[in-house]
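Both backbone and side-chain heavy atoms feed into the values below; hydrogens, waters and symmetry mates do not.
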Amino acid sequence: MARQMKDSGVEWIGEIPKDWKIRKIKNIADIYTGNSIKDNEKEKYLDSENAIPYISTKEIDLNTSRINYTNGMYTKKGDCSFKVAKKGSTLMCIEGGSAGKKISYLLQDVSFVNKLCCFRSNIINDKFLYYYLKSPNFNSEFKLHINGLIGGVSKSEIREFFIVYPNEIEQQKISDFLDEKVGEIDSVITKTKDTIEDYKKYKQAIIDQMVINEGIPRYKFRYLGELKNGLNYHTAIKTNIIKFLGVGDFRNFMVLNEKGNFSDLPIDTKIPEEYLLKSGDIVFVRSNGSKELVGRSIMVNNVDYDLTYSGFCIRFRNKHTEIVNNKYLLYFFRSEYFKRLLCMGSNGMAINNLNQDVLNSVRVPVPSMVKQQEIVKYLDEKCSEIDKLIVKKEELLSDLEDYKKSLIYEYVTGKKEIK
């Protein structure tokens, strides 16, 4: 016998089982944000004795929803200046880039930052509430309400959101079922991500092995080509648009071949010729908030249009193509050996900001042109094979994530019933 359904009266929820209830969140849960700690006061909160973990947004893993409870920050039990989220509550980021995305179920009591919001109910099952907050229908409604410069949704708005739920016995059944099924999916997701990382490490190892050869003449970087920092552009009057390579365009690709790979830059002045990129130019990330990106390089190709680059980048243009192949250079720049040379040029410190002096201090191993071409051909083939395997695994990840979202949505809104 088919389950009897009724219209929830809420567009983003749709039909729900006839015996389910619909309420506003403010009527079934307490929601409240935490307290911030100033940077110059953080050393006061390092003692873990008689204390509970203090959780900030970065402690919630975006992919697994797990919390790192051992970040080293604590507040004392009974300290009334900090709000506490009890075990079994749900924490959700409601402000900033992770708003609506980072959501976690608490396995212990914590205090927490003001960008996180605690959801706690004495009316419905804690885990059912957690899954409902993770459902794509709730997320869609959350996104519609994001506003402000930082981007977020206020507590007062969230309190007006609707939630649907069954009786206590069915809530528990749904929670237990989703714990099992989502756990299985997450296990496959974790293994798939590990496989992707293994493929990436294998690819890196092949590159390192092929471009590092002892006893080969080593040319100074400054001899092989010229470096030029990019410009910082002001776009007060947008009279023209050209293509622009910014740090955000440094994807996993090594070569950007198509016009559509680049951002649009509205400008009010003509770009000097010396700041336009040409086919074969290699561009490095000079400075970025993500230190992992600093020193990363890409090569541009098929450039028959105006293309400039960010002031956070450095362009390298090969002056001796008869000595060294551009693609060989790119593979060398992508090697771990090159990264170590950059650190050596920076007095052994990790590179936070790349500069021309550090680059010019590097010596490049240059075998014969025939050998370079052999290396490039081999690496192009091997890297292409590995990249195809990575793409397949990433497609699987996407399918798994979609399936998980669909599963949660169907059961927390009653579209499917646990038999």
Undergrad: Around atom CD1 of Ile123, are there more than 12 heavy atoms of other residues, nucleotides or ligands at under 6.0 Å?
TA: yes

Undergrad: Tell me whether the rings of Phe142 and Phe161 are parallel (<30°), tilted (30 to 60°) or perpendicular (>60°).
TA: perpendicular

Undergrad: Going from CD1 on Ile60 to OG on Ser104, what distance comes out if it is rounded to the nearest 0.5 angstrom?
TA: 5.5 Å

Undergrad: Would you call the rings of Tyr32 and Phe112 parallel, tilted or perpendicular, where under 30° means parallel and over 60° means perpendicular?
TA: tilted

Undergrad: Would you indicate whether Lys415, at its atom NZ, is surrounded by more than 12 heavy atoms from other residues, nucleotides or ligands within a distance under 6.0 Å?
TA: yes

Undergrad: Is it the case that over 12 heavy atoms from other parts of the model lie below 6.0 angstrom from the CD1 atom of Ile169?
TA: no

Undergrad: Could you point out which residue of Phe128, Tyr130, Phe119 forms a ring pair (Phe, Tyr, Trp, His ring centres under 6.0 Å) with Tyr105?
TA: Tyr130

Undergrad: Within a radius of less than 6.0 Å around NZ of Lys278, do more than 12 heavy atoms belonging to other residues, nucleotides or ligands occur?
TA: no

Undergrad: Please walk me through it: do Phe316 and Ile314 pass side-chain contact (heavy atoms from CB on, under 4.5 Å)?
TA: CA-CA 7 Å; Phe316 170 80; Ile314 301 177; over 6 Å; no

Undergrad: Measuring only between side-chain heavy atoms, which start at C-beta, is Ile124 closer than 4.5 Å to Gln171?
TA: yes

Undergrad: Any side-chain heavy-atom pair from Val247 and Leu293 closer than 4.5 angstrom?
TA: yes

Undergrad: Step through the shown structure and confirm whether more than 12 heavy atoms of other residues, nucleotides or ligands are within 6.0 Å of OH on Tyr305.
TA: yes

Undergrad: Give a yes or no on this: more than 12 heavy atoms of other residues, nucleotides or ligands lie within 6.0 Å of atom NZ of Lys173.
TA: no

Undergrad: Is the Tyr411 to Tyr131 ring centre distance short of 6.0 Å?
TA: no

Undergrad: Within a strict 4.5 Å, meaning less than it, do heavy atoms of the Asn229 and Arg286 side chains meet?
TA: yes

Undergrad: Using only atom types and a distance under 3.5 Å, with no angle test, would you say the side chain of Asp176 pairs donor to acceptor with the backbone of Ile174?
TA: no

Undergrad: Does the side chain of Ile163 reach to within under 4.5 Å of the side chain of Ile22, using non-hydrogen atoms?
TA: no

Undergrad: Hey, does Thr75 have a side-chain heavy atom less than 4.5 Å from the side chain of Tyr45?
TA: yes

Undergrad: Are the ring centres of Phe333 and Phe338 closer than 6.0 Å?
TA: yes

Undergrad: Any sub-3.5 Å donor-acceptor pair from Arg120's side-chain atoms to Lys87's backbone N or O?
TA: yes

Undergrad: Take atom NZ of Lys193 as the centre, draw a 6.0 Å sphere, and report whether it contains more than 12 heavy atoms from other residues, nucleotides or ligands.
TA: yes

Undergrad: Please examine the side chains of Tyr132 and Val164, heavy atoms only from C-beta on, and report whether any two atoms are closer than 4.5 Å.
TA: yes

Undergrad: Would you tabulate the side-chain donor-acceptor contacts of residues 384-399 under 3.5 Å, counting partners in other chains and residues two or more places apart, or write 'none'?
TA:
{"from": "Asp387", "atom 1": "OD1", "to": "Lys203", "atom 2": "NZ", "distance (Å)": "2.9"}
{"from": "Asp387", "atom 1": "OD2", "to": "Lys203", "atom 2": "NZ", "distance (Å)": "3.4"}

Undergrad: Determine whether Lys21 and Ile16 make a side-chain contact, defined as any pair of heavy atoms from C-beta on separated by less than 4.5 Å.
TA: no

Undergrad: Just wondering, more than 12 heavy atoms not from Glu168 lying within 6.0 Å of its CD?
TA: no

Undergrad: Determine whether Lys77 and Ile52 make a side-chain contact, defined as any pair of heavy atoms from C-beta on separated by less than 4.5 Å.
TA: yes

